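A, B, ... follow the sequence lines: proteins, then strands. Residue 1 opens every chain. Worth saying up front: this structure is predicted, and the values here are computed from it rather than measured.
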Number of protein chains: 2
Amino acid sequence: MLDRANIGHPWWHGRFRGCGYRLTIPREAILDVLSKTSRHLSAEDIFLAVHKVYPAVGLTTIYRTLELLVQMRLVFKFDFGDKRARYELAEGTKGIRHHHHLVCTRCGRIIDYTDFIDEEKELLGQTEKGLSKKFNFKITNHIIQFYGLCDKCQNKG
Amino acid sequence: MLDRANIGHPWWHGRFRGCGYRLTIPREAILDVLSKTSRHLSAEDIFLAVHKVYPAVGLTTIYRTLELLVQMRLVFKFDFGDKRARYELAEGTKGIRHHHHLVCTRCGRIIDYTDFIDEEKELLGQTEKGLSKKFNFKITNHIIQFYGLCDKCQNKG
DNA sequence: CCTTTATTGATAATGATTATCATATTCAAT
DNA sequence: ATTGAATATGATAATCATTATCAATAAAGG
Ligand SMILES: [Mn+2]
Ligand SMILES: [Mn+2]
Ligand SMILES: [Zn+2]
Ligand SMILES: [Zn+2]
């Protein structure tokens, strides 16, 4: 039910054309897994999910492909303080879905938030402009993360 | 010239009283190193610096002490995307010196900035309040990092 | 000095990520 | 379809920052 013809999210096909990269089964399978979750998966998470459908795909390929996808800006790579890197699709069919994160330092839960983004954008724009000028620094990216305790973890020792 | 009597930054002595923790030579040496730099040192950096004065101090103690200092909130631990953790004294004699970072993705240079913090504070306050309410999340900390190219790295391939 | 507890350092183990390298796949040109 | 160069893959071993162990030390308080 996850055969090649059925995967066909055409919107990332175009990204591979012209880069010299090939859109192979492992690569599509990885994009497919990422596109079907709202969680922030580790390389091993992705490996296990892909493994169910394509048991021949190795962990090395997962790492290699993720590195490629990050470099192509199709995927974001995050560090939330547990030891493993976490990956998330950078855009959906509707374009880039920019958001920031709340990270629970007790249970590791990650919450995406997109509210307040508008106000943040305003300030970030100003800040980036000021910083670029003052330090002659070309900003390409930023991360904002709030750490603390999620609702469940506040009601425990 | 870095003997015990000479180190005596009394302001962190108090932090160890009442916690059951002892202010030992290795711990003071580590705090001393951190207090004398504006750079963002790795555990090994600190090890090497301490080693010059107290060659008997082992790397394990550096890691253990840093973990303790982070937990005591005397030191901040950062991840700037190179593989090693980076450490920075959380406060000076004047109290906490809150700031954010610019990270050059090419040469790894880290720039502290404290300008724009006031405007940021305003927005962060609002955002934290809104997020806390909406998600019932108790925020204790945040990180903001801008990634890009520093002035030197813009003028290279 | 003695006892208890906290701290230390040498060493080995861990675990996520990378490097290697021989094999397999793709794709365009016959 | 066949071929052949370029690209991609997977099993395996290597890296390397960080942790776990554990016996030896040092501090604190009588
Ligand atoms: Mn997210
Ligand atoms: Mn800093
Ligand atoms: Zn939680
Ligand atoms: Zn640079």
Side-chain angles (χ1 to χ4, degrees), chain A residues 3-5 7 12-31 33 40-48 50-72 74-75 77-87 108, chain B residues 3-5 7 12-13 15-31 40-48 50-72 74-75 77-87 108:
Chain A
D3 59 327
R4 197 103 194 255
I7 291 182
W12 55 53
H13 284 213
R15 295 300 201 89
F16 280 82
R17 301 281 149 80
C19 305
Y21 300 137
R22 294 168 184 171
L23 191 44
T24 60
I25 290 180
R27 288 175 181 175
E28 267 192 306
I30 290 167
L31 284 165
V33 166
H40 303 79
L41 302 180
S42 67
E44 194 184 3
D45 292 336
I46 296 169
F47 170 69
L48 292 173
V50 169
H51 188 81
K52 287 179 187 164
V53 187
Y54 298 105
V57 175
L59 183 54
T60 304
T61 299
I62 306 294
Y63 275 107
R64 249 187 320 233
T65 302
L66 286 170
E67 185 187 5
L68 180 70
L69 295 174
V70 167
Q71 181 227 307
M72 293 173 73
L74 283 176
V75 165
K77 179 179 184 177
F78 289 104
D79 167 64
F80 293 129
D82 58 350
K83 305 298 177 178
R84 23 172 73 54
R86 301 268 166 188
Y87 300 88
Chain B
D3 58 327
R4 195 99 195 259
I7 291 181
W12 55 51
H13 284 212
R15 295 300 202 91
F16 281 84
R17 301 279 152 81
C19 305
Y21 299 138
R22 293 171 186 170
L23 192 43
T24 60
I25 289 180
R27 289 174 180 174
E28 266 192 308
I30 290 167
L31 283 165
H40 303 79
L41 302 180
S42 67
E44 194 184 3
D45 292 335
I46 296 168
F47 169 70
L48 292 173
V50 168
H51 188 81
K52 286 179 189 161
V53 188
Y54 297 105
V57 175
L59 183 55
T60 305
T61 298
I62 306 294
Y63 276 107
R64 248 188 320 233
T65 302
L66 287 169
E67 185 188 4
L68 179 70
L69 295 174
V70 167
Q71 181 226 305
M72 291 173 74
L74 283 175
V75 165
K77 179 180 185 177
F78 289 104
D79 167 64
F80 293 129
D82 58 349
K83 303 300 177 177
R84 26 175 67 57
R86 301 266 165 190
Y87 300 88

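In terms of heavy-atom proximity, B:A43 sits nearest to B:L59 at O-CD1, 4.2 Å. Taking each heavy atom of B:S42 and B:R84 in turn, the nearest pair found is CB-CD, 3.8 Å. Shortest non-hydrogen contact noted between B:G58 and B:F47 is C-CE1, 3.8 Å. Residues B:M72 and B:Y21 come closest through the heavy atom pair SD-CD1, 3.9 Å. Considering every non-hydrogen atom in both A:T61 and A:P26, the closest pair reads CG2-CB, 3.9 Å.
Summarising the geometry, the separation between CG on A:L68 and P on C:dT18 is reported as 14 Å, rounded to the nearest angstrom. Going from atom CZ of A:F47 over to atom P of C:dT17 covers 14 Å, rounded to whole Å. B:L23 has its CG atom 12 Å from the C1' atom of D:dA27, to the nearest Å. We find that CZ of B:F16 is positioned 21 Å from P of C:dT5, with the value rounded to whole Å. Rounded to a whole Å, the NE2 atom of A:H13 is 14 Å from the P atom of C:dT26. At whole-Å resolution of the value, CD1 in A:I25 and P in C:dA24 are 16 Å apart. When the C1' atom of D:dA17 is taken as reference, atom CG of A:D79 falls 13 Å away, rounded to whole Å. Atom C1' of nucleotide C:dT8 and atom OH of B:Y21 are separated by 16 Å, given to the nearest angstrom.
The NE2 atom of A:H40 lies 5.0 Å from the CZ atom of A:F80; values are rounded to the nearest 0.5 Å. B:R27 CZ to B:L74 CG: the interatomic distance, rounded to the nearest 0.5 Å, is 11.5 Å.
Tested against A:Y87, the residues A:L66, A:D45, A:L69 include a single side chain to side chain contact (heavy atoms under 4.5 Å, CB included) partner, A:L66.
Note on B:K83: a side-chain N or O is less than 4.0 Å away from OP1 or OP2 of C:dT18. For C:dT18, the OP1/OP2 oxygens have no side-chain nitrogen or oxygen of A:Y63 closer than 4.0 Å.
At a cut-off of 3.5 angstrom, the base of C:dT7 holds no donor-acceptor pair with the side chain of B:R22.
At its two ends the helix from C:dC1-D:dG30 to C:dT30-D:dA1 runs along axes set 30° apart, each axis drawn from five pairs and the angle rounded to 10°.
For A:E28 and A:H13, the side-chain atoms include at least one donor-acceptor pair closer than 3.5 Å.
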Letter by letter from the 5' end, nucleotides 10-15 of chain C scores (B base, S sugar-phosphate only, - none; protein heavy atoms under 4.0 Å) BB----

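Set against C:dT8, C:dT7, D:dT9, the side chain of B:T61 has C:dT8 as its closest nucleotide.
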